[in-house]
Participant: 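Here it is: the structure, laid out below.
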Amino acid sequence: MKHLGKLCLALAFVGLSAMPLSAQEWPARTVTILVPYPAGGVADAVARAAATQATTELKQSFVVENRTGASGRIALDQLIRAEPDGYTLALAVPALLSLLPITDPKYVDLDKKFTPITIAVETYFGLAINPQKTPAQNFQELMSSTKARSGQLTYSSAGAGTSYHFWSEAILKEAGINALHVPYRGEAPATTDLLAGIVDFTLVTGAGKGLADDGRIKILAVSAQDAWDIYPGAPSLNAVGIKQAVAAGWLGFMGPPGMSKELVAKVNGAFLSALKRPEVLSMLSAQGYTVVASAPDAMPAVIAKEQGIFRDLLKSGRVKLEQ
């Protein structure tokens with residue numbers, strides 16, 4: 001019995017020691033967060049806010065590395081090749097995770113090539129017009145006037161195949177409207193040509209707040225379930241009859257494939273703690289973001305829902321990626 005007791009203790013020790021060292025020790029050195037966008041943008045700001053706070057709380061460096069190019073694929077591919085030890089993470093964005101699997105055959109099984117950590121924040125869109133060019137007072141007026149001149153409505157987006165493009169068409173489809181899509185390279189140039197009177201409407205994030213406050217654009221509806229305090233007074237799409245195409249833009253964090261459950265739990269906890277700090281909440285709120293700080297399994301559910309909507313738009317022919 002004595003020998004049996006020693007054997008049991010030995011086996012228990014082996015079981016404990018079998019837990020991945022990365023989960024026990026993490027973070028023992030610098031953690032790199034890959035961001036598929038240039039420094040200075042709002043997405044980059046979310047990554048840096050979390051990294052700064054995590055560095056302070058965990059007494060270990062979290063650094064942001066901006067890996068731009070190929071519409072985010074360079075950063076994504078680097079993450080996919082990384083060791084699953086928690087020292088290479090990346091900003092998770094819908095343009096990669098929700099869209100690439102249905103638009104690029106190379107990434108058809110992308111859900112198996114990354115590890116969800118958390119949906120960090122969500123934000124919304126505002127449907128903006130130039131009130132000097134388009135006299136509509138509300139969303140219904142814009143839609144009804146468009147039906148009277150079918151085919152003449154134009155809208156800009158941040159690019160063909162972007163979430164701006166898909167969600168614009170989702171709104172138009174539910175409203176029973178067709179419009180000419182004019183793609184640009186980013187929200188800023190898409191908004192610039194709205195101001196120039198070249199297009200009738202565009203979707204803007206919280207980045208359009210200053211223009212709305214100055215009266216240079218008018219927000220007819222927001223994609224939040226209810227109101228959005230970035231654009232006070234603007235009704236929700238849900239309130240104006242658009243029930244299905246209620247879009248929440250989101251950003252999160254992900255790791256390479258193969259991370260252990262223990263490590264994922266530890267990394268998730270670190271990000272949740274960082275995101276919920278009052279100074280981070282305040283900064284992100286000013287940028288138009290609501291902190292979500294979800295469990296890891298929330299991300300695949302959101303991606304699946306978005307992909308269902310986006311696939312339908314592709315099959316219907318409303319979204320054409322070759323534009």
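Position 1 is the first residue of the sequence; numbering continues from there.
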Participant: Does any N or O in the side chain of T192 come within less than 3.5 Å of the main-chain N or O of A188, such that one atom is a donor and the other an acceptor?
Facilitator: yes
Participant: Counting only heavy atoms from other residues, nucleotides and ligands, does the tally under 6.0 Å from CZ of R216 exceed 12?
Facilitator: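 At most 12 heavy atoms, drawn from other residues, nucleotides or ligands, come within 6.0 Å of this atom.
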Participant: Just verifying a value: how many Å separate T68 OG1 and L34 CG, rounded to the nearest 0.5 Å?
Facilitator: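 Reported value, rounded in 0.5 Å steps: 11.5 Å.
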Participant: CD of E187 to CG of L203: how many Å apart, nearest 0.5 Å?
Facilitator: 9.0 Å
Participant: Looking at Y164 and S156, would you say the former's side chain and the latter's main chain have a donor-acceptor pair under 3.5 Å?
Facilitator: no
Participant: For D229, which residues count as a salt bridge (Lys or Arg N to Asp or Glu O under 4.0 Å) partner, sequence neighbours excluded?
Facilitator: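 Counting only residues at least two positions away or on another chain, D229 forms no salt bridge (Lys or Arg N to Asp or Glu O under 4.0 Å).
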Participant: Has E306 got a side-chain atom pairing as donor or acceptor with A304's backbone, closer than 3.5 angstrom?
Facilitator: no
Participant: Is any side-chain heavy atom of H181 closer than 4.5 Å to one of S157?
Facilitator: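 A side-chain contact under 4.5 Å exists here.
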Participant: Can you check whether D77 reaches R81 side chain to side chain, under 4.5 Å on heavy atoms?
Facilitator: yes
Participant: Just wondering, do L76 and L110 contact through their side chains at under 4.5 Å, heavy atoms?
Facilitator: yes
Participant: Taking only residues two or more places apart in sequence or in another chain, which ones pass ring pair (Phe, Tyr, Trp, His ring centres under 6.0 Å) with F310?
Facilitator: F166, W167
Participant: Would the distance check show the side chain of D226 and the main-chain N or O of N238 forming a donor-acceptor pair, the cut-off being under 3.5 Å?
Facilitator: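 No; judged by distance alone, with no hydrogens or angles, the pair does not exist.
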Participant: Applying side-chain hydrogen bond (donor to acceptor under 3.5 Å, both in side chains), run through Y155 and E169 and close with a yes or a no.
Facilitator: CA-CA 10 Å; Y155 74 93; E169 285 296 338; 2.7 Å; yes
Participant: Can you tell me if T154 and D200 form a side-chain donor-acceptor pair at under 3.5 Å?
Facilitator: yes
Participant: With sequence neighbours excluded, what pairs up with K315 under the salt bridge (Lys or Arg N to Asp or Glu O under 4.0 Å) test?
Facilitator: none
Participant: Between S144 and E141 (side chain of the first, backbone of the second, donor and acceptor by atom type, cut-off under 3.5 Å), is there such a pair?
Facilitator: yes
Participant: Quick test of your reading of the model: are D312 and K173 salt-bridged, counting only N-O distances below 4.0 Å?
Facilitator: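 Salt bridge absent between D312 and K173.
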Participant: Within the distance-only criterion (no hydrogens, no angle test), does the side chain of D104 pair as donor or acceptor with the backbone N or O of L100 below 3.5 angstrom?
Facilitator: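 The answer is no, because no donor-acceptor pair under 3.5 Å joins these two groups.
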Participant: With side chains defined as the heavy atoms from C-beta onward, is the minimum distance between Y124 and L237 less than 4.5 Å?
Facilitator: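 Answer no - side chains too far apart.
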Participant: Quick one: does Y107's side chain have a donor or acceptor within less than 3.5 Å of a partner on L96's backbone?
Facilitator: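 Flag not set: sc Y107 to bb L96 has no pair under 3.5 Å.
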Participant: What heavy-atom pair brings P131 and I217 nearest, and what distance separates the two atoms?
Facilitator: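 Of all heavy-atom pairs spanning P131 and I217, the closest is CD-CA, 3.8 Å.
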Participant: Please answer whether the main-chain N or O of F62 pairs with a side-chain N or O of T55 as donor and acceptor at a distance below 3.5 Å.
Facilitator: yes
Participant: Write down the atom of V264, the atom of P116, and the distance for their closest heavy-atom approach.
Facilitator: CG1-O, 3.9 Å
Participant: Does any N or O in the side chain of S61 come within less than 3.5 Å of the main-chain N or O of V63, such that one atom is a donor and the other an acceptor?
Facilitator: no
Participant: Got a sec: does the NZ of K133 have more than 12 other heavy atoms crowding it under 6.0 Å?
Facilitator: yes
Participant: Would you indicate whether the side-chain heavy atoms of M254 and L97 approach each other to under 4.5 Å?
Facilitator: yes
Participant: Only one of F271, F253, F114 passes side-chain contact (heavy atoms from CB on, under 4.5 Å) with L89; say which it is.
Facilitator: F271
Participant: Below 4.0 angstrom, N of the basic side chain to O of the carboxylate: do D85 and R29 qualify?
Facilitator: yes
Participant: Considering only heavy atoms from C-beta outward, does the side chain of T88 approach that of E83 to under 4.5 Å?
Facilitator: no
Participant: Calculate, to the nearest 0.5 Å, the distance between atoms CG and OG belonging to L153 and S145 respectively.
Facilitator: 7.5 Å
Participant: Shortest non-hydrogen contact from A47 to V35?
Facilitator: CB-CG2, 3.6 Å
Participant: Would you say the side chain of S168 lies within less than 4.5 Å of the side chain of F125, judging by non-hydrogen atoms?
Facilitator: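 F125 does not reach S168 side chain to side chain.
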Participant: Out of curiosity, does L272 fall in the hydrophobic cluster containing L263 (side-chain heavy atoms, cut-off under 4.5 Å, transitive links)?
Facilitator: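 The answer is no; the residues belong to distinct hydrophobic clusters.
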Participant: Return each pair, listed once, that meets salt bridge (charged side-chain N to carboxylate O under 4.0 Å, His left out) where at least one residue sits in residues 88-99; pairs must be two or more places apart or across chains.
Facilitator: none
Participant: Do V204 and L194 make a side-chain contact, defined as non-hydrogen atoms from C-beta onward lying under 4.5 Å apart?
Facilitator: no
Participant: Apply salt bridge (Lys or Arg N to Asp or Glu O under 4.0 Å) to D297 and list each qualifying residue two or more places apart in sequence or on a separate chain.
Facilitator: none
Participant: Excluding sequence neighbours, so at least two apart, what forms salt bridge (Lys or Arg N to Asp or Glu O under 4.0 Å) with D213?
Facilitator: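 For D213, the residues satisfying salt bridge (Lys or Arg N to Asp or Glu O under 4.0 Å) (neighbours in sequence not counted) are K209.
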Participant: Could you check whether any side-chain N or O of W26 sits under 3.5 Å from a backbone N or O of G86, counting only pairs where one atom can act as donor and the other as acceptor?
Facilitator: yes
Participant: Is there a chain of hydrophobic side chains (I, L, V, M, F, W, Y, each step under 4.5 Å between heavy atoms) that links L195 to I198?
Facilitator: yes
Participant: What is the distance from atom CD1 of I303 to atom CG of L99, rounded to the nearest 0.5 Å?
Facilitator: 10.5 Å
